[in-house]
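The block underneath contains the structure these notes are about, expressed in structure tokens.
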Number of protein chains: 2
Amino acid sequence: MATGSSARTDILDAAQARFARQGFDGTTIKLIAADAGVNSALLYYYFRDKERLYQAVLDRLVQEMVRRGVRRLEAPGTPEERLRGFLELQGEIFGGHPHFYPLLLRELVDHAAARAVEQIKLVAATMFRRLCEVVEQGQREGAFRGDLDPRFAAISCVSMVAHFFTARPAIGLFLGHSTQGPPRAVVQAYLRHAADFAIAALSAPNLAPARARLKGSAR
Amino acid sequence: MATGSSARTDILDAAQARFARQGFDGTTIKLIAADAGVNSALLYYYFRDKERLYQAVLDRLVQEMVRRGVRRLEAPGTPEERLRGFLELQGEIFGGHPHFYPLLLRELVDHAAARAVEQIKLVAATMFRRLCEVVEQGQREGAFRGDLDPRFAAISCVSMVAHFFTARPAIGLFLGHSTQGPPRAVVQAYLRHAADFAIAALSAPNLAPARARLKGSAR
DNA sequence: GTCTATACGGGGATAGAC
DNA sequence: GTCTATCCCCGTATAGAC
């Protein structure tokens, strides 16, 4: 309700940026108001307090992530193609919008995600579940090795992309750049590497690499 | 100097726990003092201000991590054994001491690691460099595939372990437990999986499967 | 809906006694 | 070295005018 309000979404946007950059405790209501170009008392009109403003930001974010993630996982293609597509989307989201992943990350770190239990359960029941099903399908079709726990495999694949953005400042220095992180081209190169690395680990073991694609019809 | 002082280390220990759990902004001097069982003014005697107290905590932590990491990487053995040993240590450190990884993680997230630039450069020049050399050695010896950037491979391997602990609350829910994270046995199982997954990706045959798939035929 | 003005508390930091 | 007492700022939140 009242979604048309410009001030309301301005506040949400400003809050998202600040919470992502400085965390809950490090962000002040007055600063958000200044960013949004409104008076600080207005924040209490739209959202009851700082806590609920944070919740509203988090809600909006997780819902968008789940929506895009599930849609990508349900795209047509082989399990390998769908997994690659999902990892690609992950890179787009985490790398593209500067306030997306940092906010999720903070929520995980700040209070052991206590404020996001419901949202995480949603992710578990939709996106994560779907991702595991893709791995399982690949296993049934013989493209992926069958001796892996699909949930562990899913976590490993996602981790290689996620942690790159988590540790972005450190990785920037590791690779000879700055704490701003590596330049875009290096990020892209890493993301390609990570997808290949994941598929290599998942692919059926060396014995019969060429025969792995039994039912595969090269399209 | 003055390392014998009990109050000083008590303060450092208490500060480490609080900073790890609640972050810099979320932690108060008075609370740290209460945890350490000393008066809050004493913190200003040993450390000039909150900022320097935080720095001291971070210093102590990174130095211990580097020391243990490098020692493990320089242990005798094949590249595979040394990589496995390093990932095992990573799991021990991150999983074992509850304030170790959360503090590093916060530093990465909080201000793009601005407070830890020097420490990260130390890690880059010692531990990370050493880890890359292990991968390179494996490549020269033919145990690991040669078509990977050793730095990217190193990052991928570490990521699979690190992100598991980063996202611990979420992964706990994903696997049907709580935001406290999965039980110890599941953590151990995942760590074994991650090491195997990493080695599988590194050992995968060079070109045959990946290229064959493109053409859809492997003679 | 949006603003001004303000209360109320809490946090960092200091002076100085012991 | 350790504590008591205190200052001062700033952040959240509310009351109420427009």
Side-chain angles (χ1 to χ4, degrees), chain A residues 1-60 99 103 106-107 109-111 114-116, chain B residues 1-60 99 103 106-107 109-111 114-116:
Chain A
M1 39 268 211
T3 48
S5 167
S6 163
R8 192 176 188 278
T9 55
D10 286 351
I11 292 169
L12 272 178
D13 292 341
Q16 179 171 327
R18 286 293 173 183
F19 283 141
R21 273 204 285 263
Q22 305 169 332
F24 185 82
D25 293 315
T27 298
T28 70
I29 292 285
K30 283 168 184 165
L31 190 52
I32 295 174
D35 287 350
V38 300
N39 189 277
S40 66
L42 198 58
L43 276 67
Y44 294 92
Y45 172 78
Y46 282 115
F47 311 91
R48 247 213 295 190
D49 54 19
K50 192 183 177 184
E51 183 70 33
R52 294 180 197 237
L53 170 57
Y54 179 84
Q55 286 282 353
V57 169
L58 203 60
D59 265 343
R60 197 177 60 158
H99 309 314
L103 201 100
R106 279 191 177 283
E107 182 51 32
V109 178
D110 270 357
H111 302 85
R115 292 180 173 114
Chain B
M1 25 227 115
T3 48
S5 168
S6 162
R8 192 177 187 278
T9 55
D10 286 352
I11 292 169
L12 273 178
D13 291 342
Q16 180 171 327
R18 285 292 173 184
F19 284 141
R21 274 204 284 263
Q22 305 169 330
F24 186 81
D25 293 315
T27 298
T28 71
I29 292 285
K30 284 164 185 166
L31 190 53
I32 295 173
D35 287 350
V38 301
N39 189 278
S40 66
L42 197 58
L43 275 66
Y44 293 91
Y45 172 78
Y46 283 114
F47 311 91
R48 228 179 344 162
D49 54 19
K50 190 183 178 185
E51 182 70 33
R52 296 182 195 235
L53 170 57
Y54 179 84
Q55 287 280 354
V57 168
L58 203 60
D59 266 342
R60 195 177 63 159
H99 309 315
L103 202 100
R106 280 192 176 282
E107 182 51 31
V109 179
D110 269 356
H111 303 84
R115 293 180 173 113

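Everything numeric in this text was worked out from a predicted model, so none of it was measured. Chain A is the first sequence line, chain B the second, and so forth, proteins listed ahead of strands; every chain is numbered from 1.
Atom pair Asn39(B):CG and dT6(D):P shows a separation of 14 Å (rounding to whole Å applied). Atom CG in Leu43(B) sits roughly 15 Å away from atom P in dG1(D) (whole-Å rounding). For the pair Gln22(B) CD and dG11(C) P, the interatomic distance rounds to 11 Å; values are reported in whole Å. Straight-line distance from the CD atom of Glu51(A) to the C1' atom of dA13(D): 14 Å, rounded to whole Å. Between Arg52(A) atom CZ and dT12(D) atom P there is a gap of 16 Å when expressed in whole angstrom units. One interatomic measurement links the two molecules: CZ of Phe47(B) to P of dT14(C), which rounds to 16 Å at whole-angstrom precision. A straight line from OH of Tyr45(A) to P of dA17(D) spans 18 Å, rounded to a whole angstrom. In this structure, Ile29(B) places its CD1 atom 21 Å from P of dT6(D), rounding to the nearest Å.
Here Leu42(B) lies in heavy-atom contact (under 4.0 Å) with a base.
The side chain of Asp49(A) has dA13(D) as its nearest neighbour among dG1(D), dA13(D), dA15(C). Among dG1(C), dA13(C), dG1(D), the nucleotide with an atom closest to any side-chain atom of Tyr46(B) is dG1(D). Candidate nucleotides dG1(D), dG11(D), dG11(C) were compared by shortest atom distance to the side chain of Thr28(A), and dG11(D) ranks first.
Of the two residues near DNA chain D, Gly37(B) and Phe24(A), the one whose nearest nucleotide lies more 5' is Gly37(B).
Side-chain contact between Leu43(B) and Asp49(B) is absent, with no heavy atoms from C-beta onward closer than 4.5 Å. The closest side-chain heavy-atom distance from Phe19(B) to Ile32(B) is below 4.5 Å. Contact annotation: the side chain of Glu51(B) approaches that of Phe24(B) to within less than 4.5 Å [non-hydrogen atoms, C-beta and beyond]. Side-chain atoms of Asp110(B) and Arg106(B), non-hydrogen and from C-beta on, do get closer than 4.5 Å to each other.
Considering only side-chain N and O atoms, Lys30(B) lies nowhere under 4.0 angstrom from the phosphate OP1 or OP2 of dG11(C). The phosphate of dA15(D) (OP1 or OP2) has no side-chain N or O of Tyr44(A) nearer than 4.0 angstrom.
A salt bridge links Asp13(B) with Arg60(B); the closest basic N to acidic carboxylate O contact falls under 4.0 Å.
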